Amino acid sequence: MQRRHFLLGGLAAALPTLLTGPVHAADEGLAVIAHPGLKGLDAETIRRAYTGRAVELDGQALRPVNLPSAHPLRQRFLKALLQQDDEAYLAYWTVRRYIGKGVPPAELRSTAEVLDHVARTPGAIGYVDPAELRAGVAVVLRR
């Protein structure tokens, strides 16, 4: 009887974590960054850039970049800004490419590459963990 009570008590204590998953500091937060010369970006313009519906802003070509599909930060970005998962996002771009409406944003291998690319490429937009921010990029949105 005591063993059953102990197991049920342990399960009850673990239930909130099982339902919501563990929370890690690394799983929190998102910073959308842009080349410092790019002005006037808001959440809607970022959404439109990542879906190919906006290709320029005030005469400046928009050049969004993504992290690889399996990267957790990409999953957070898609969920927070586009309200999509990676499967839906890839399907969206498969259709757009097929009907000749553009190509998806380029994929870079790491957040370090995203930071470097955005810092030196006019019109570039990317996303990184806020803890990785550094000089040379403009933070346009935090989630």
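Being a predicted model, the structure only gives us computed values, none of them experimental.
For E132, the salt bridge (Lys or Arg N to Asp or Glu O under 4.0 Å) test picks out no residue, with sequence neighbours left out.
Remark: the backbone N or O of R48 is paired with a side-chain donor or acceptor of T51 at under 3.5 angstrom. In this structure a side-chain-to-backbone donor-acceptor pair under 3.5 Å is present from R96 to G52. Under a 3.5 Å cut-off, the side chain of T45 and the backbone N or O of L41 do not form any donor-acceptor pair.
Scanning all heavy atoms of the two residues, the minimum distance from A54 to L62 falls at O-CD1, 3.9 Å. The shortest non-hydrogen separation linking P105 to P64 is CB-O, 3.3 Å. Smallest separation of non-hydrogen atoms from L38 and A124: CD2-O, 4.1 Å. Of all non-hydrogen atoms in T121 and H117, the two that sit nearest each other are OG1-O, 2.8 Å. Considering all non-hydrogen atoms of both residues, V118 and A34 come closest at CG1-C, 3.3 Å. Of all heavy-atom pairs between P36 and A138, the closest is CA-CB, 4.2 Å.
Each salt bridge (charged side-chain N to carboxylate O under 4.0 Å, His left out) pair with one or both residues in residues 97-111, not counting sequence neighbours, appears once here: R74-E107, R109-E113.
Side-chain heavy-atom separations under 4.5 angstrom define the hydrophobic clusters, and the remaining members of the one that includes I99 are Y98.
No side-chain heavy atom of Y50 sits less than 4.5 Å from a side-chain heavy atom of L78. With a 4.5 Å cut-off on side-chain heavy atoms, Y92 and P104 do not count as touching. For the pair R134/L115, a side-chain contact is recorded, criterion being any heavy-atom separation below 4.5 Å from C-beta on. Taking the side chain as every heavy atom from C-beta outward, L133 and R142 approach each other to under 4.5 Å. T111 is not listed as a side-chain neighbour of Y127, based on a closest heavy-atom distance of 4.5 Å or more. Within the 4.5 Å cutoff, the side chain of Y89 has no heavy atoms near those of the F77 side chain.
Partner of L30 under the side chain to side chain contact (heavy atoms under 4.5 Å, CB included) criterion, out of D129, L81, V128: L81 alone.
The CG atom of L108 sits 8.5 Å away from the CG atom of N66 when rounded to the nearest 0.5 Å. For the atom pair R63 CZ and H35 NE2, the distance stands at 10.0 Å (nearest 0.5 Å). Interatomic distance, CD of Q84 versus CZ of R47, reported as 11.0 Å (0.5 Å rounding). To the nearest 0.5 Å, the span separating CD1 on I46 from CG on L57 amounts to 10.0 Å.
Counting non-hydrogen atoms of other residues, nucleotides and ligands closer than 6.0 Å to CD of E87 gives a total of 12 or fewer.
L67 and L90 sit in two unconnected hydrophobic clusters of ILVMFWY residues. Membership requires side-chain heavy atoms under 4.5 Å apart, directly or through other members. Under the 4.5 Å side-chain heavy-atom criterion for grouping Ile, Leu, Val, Met, Phe, Trp and Tyr, V140 is not connected to V55 through any hydrophobic cluster.
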